[in-house]
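What follows is a single structure, written as structure tokens, with notes after it.
Since this is a predicted model, take the numbers as computed values, not measurements. Read the numbers this way: they start at 1 and go in the same order the structure lists the ligands and their atoms.
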Amino acid sequence: MKTVHSIAELRAQLDAWRREGARIALTPTMGNLHRGHLRLVEAARARAERVVASVFVNPLQFGPNEDFDRYPRTLAADAAHLASAGCDLLFAPSVAEMYPRGRDGFTTISVPRYADVLEGHFRPGHFDGVATVVNILLNLVTPDVALFGEKDYQQLLVIRQMVEDLHLPIEIVGVPTEREPDGLALSSRNQYLQPQERAQAAQLYAGLRRIADALRRGERDFAALCARETAALEAAGFRPQYVTVRRPDLSEPVAADRDFRILLAAFLGNTRLIDNIGLLEL
Ligand code: PAF
């Protein structure tokens with residue numbers, strides 16, 4: 001696997017592959033890779049002859065009081081993991097390479113349908129930062145297919161909507177969430193958890209499963225269901241921000257619906273965790 005840091009080197013390699021007629025897949029990441037990311041690379045490998053991964057901790061998608069500075073940066077280990085998962089090219093640009101004129105006045109992509117709800121409500125500007133950097137990466141790589149984890153479910157919808165609205169000829173594939181044996185969704189932020197918090201963190205998935213079971217039994221008082229699990233999380237030491245049942249497109253559900261997406265976000269100590277499940281996927 002080759003690692004490049006500049007857009008010029010990235011383009012040179014991509015041009016060579018395109019001349020060979022290769023189908024190209026992109027897996028954008030912020031690094032600090034875990035098994036979930038490697039599943040993305042494996043899924044990419046199965047769909048294309050050439051797999052490109054990017055590692056870039058994107059300042060545009062972090063709020064002023066968020067963890068941009070302490071977000072774990074582990075490029076050497078990431079490169080080794082990517083190589084063993086079958087990645088062909090790692091693009092690891094600096095902030096200056098990506099945003100040479102700085103952030104002020106920078107062109108922004110916004111997807112208003114999802115920008116201000118749920119994650120967008122609690123992380124203002126976050127999805128503009130995600131959509132903007134993903135659009136840049138898609139433009140630079142022009143892959144045939146790009147893969148994103150369902151752990152960030154709302155992000156996946158933002159990206160699908162952007163690609164549809166901007167008529168980008170790129171297939172967007174969502175890859176199911178990887179979990180620890182106790183159900184905790186894999187996330188780079190799990191390493192912020194103290195040992196005692198790590199043990200508690202599995203309650204998030206347990207809560208999602210309880211809501212899913214109730215929906216499957218036919219319960220349809222969505223507000224009461226979510227209030228019950230919010231209280232359970234509070235009792236277990238979390239500070240929940242939202243626990244919600246939605247349609248798969250995140251619109252409000254009605255009783256006659258058969259498929260739902262159950263999503264939550266909660267602080268455990270100083271760590272903010274998110275998770276979601278789809279009813280029909282279980
Ligand atoms: O999911 C992530 O790691 C990031 O939001 C992404 C898609 C790589 C954009 O920075």
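Contact check on Arg272 versus Asp67 returns no salt bridge, with no Lys/Arg side-chain nitrogen under 4.0 Å from an Asp/Glu carboxylate oxygen. The existence of a salt bridge linking Asp275 and Arg179 is confirmed by a sub-4.0 Å separation between a basic side-chain nitrogen and an acidic carboxylate oxygen. Of the charged side-chain nitrogens involved, at least one lies within less than 4.0 Å of a carboxylate oxygen, so that Asp88 and Arg45 count as a salt-bridged pair.
Neither the backbone nor the side chain of Ile159 comes within contact range of ligand 1; no heavy atom lies under 4.0 Å.
For ligand 1 and Thr29, the ligand atoms under 4.0 Å from any heavy atom of the residue are 8 (C). For ligand 1, the atoms sitting less than 4.0 Å from at least one non-hydrogen atom of Pro28 are 8 (C), numbered in the order shown with element in parentheses. Close contacts between ligand 1 and Val133 involve ligand atoms 9 (C), 10 (O) [criterion: under 4.0 Å to a heavy atom].
Counting heavy-atom neighbours within 6.0 Å of Gln196 CD, excluding the residue itself, gives a total of 12 or less.
At the top of the distance list for atom 10 (O) of ligand 1, counting protein heavy atoms only, stands Gln61 OE1, 2.6 Å. Remark: minimum distance from atom 1 (O) of ligand 1 to any protein heavy atom is reached at Gln155 NE2, 2.8 Å.
Checked by atom type, the side-chain pair Arg246/Thr244 shows a donor-acceptor distance below 3.5 Å. Inspection of the Asn58 and Tyr99 side chains reveals an N or O donor paired with an N or O acceptor under 3.5 Å.
Every N/O-N/O distance between Asn58 and ligand 1 stays at or above 3.5 Å.
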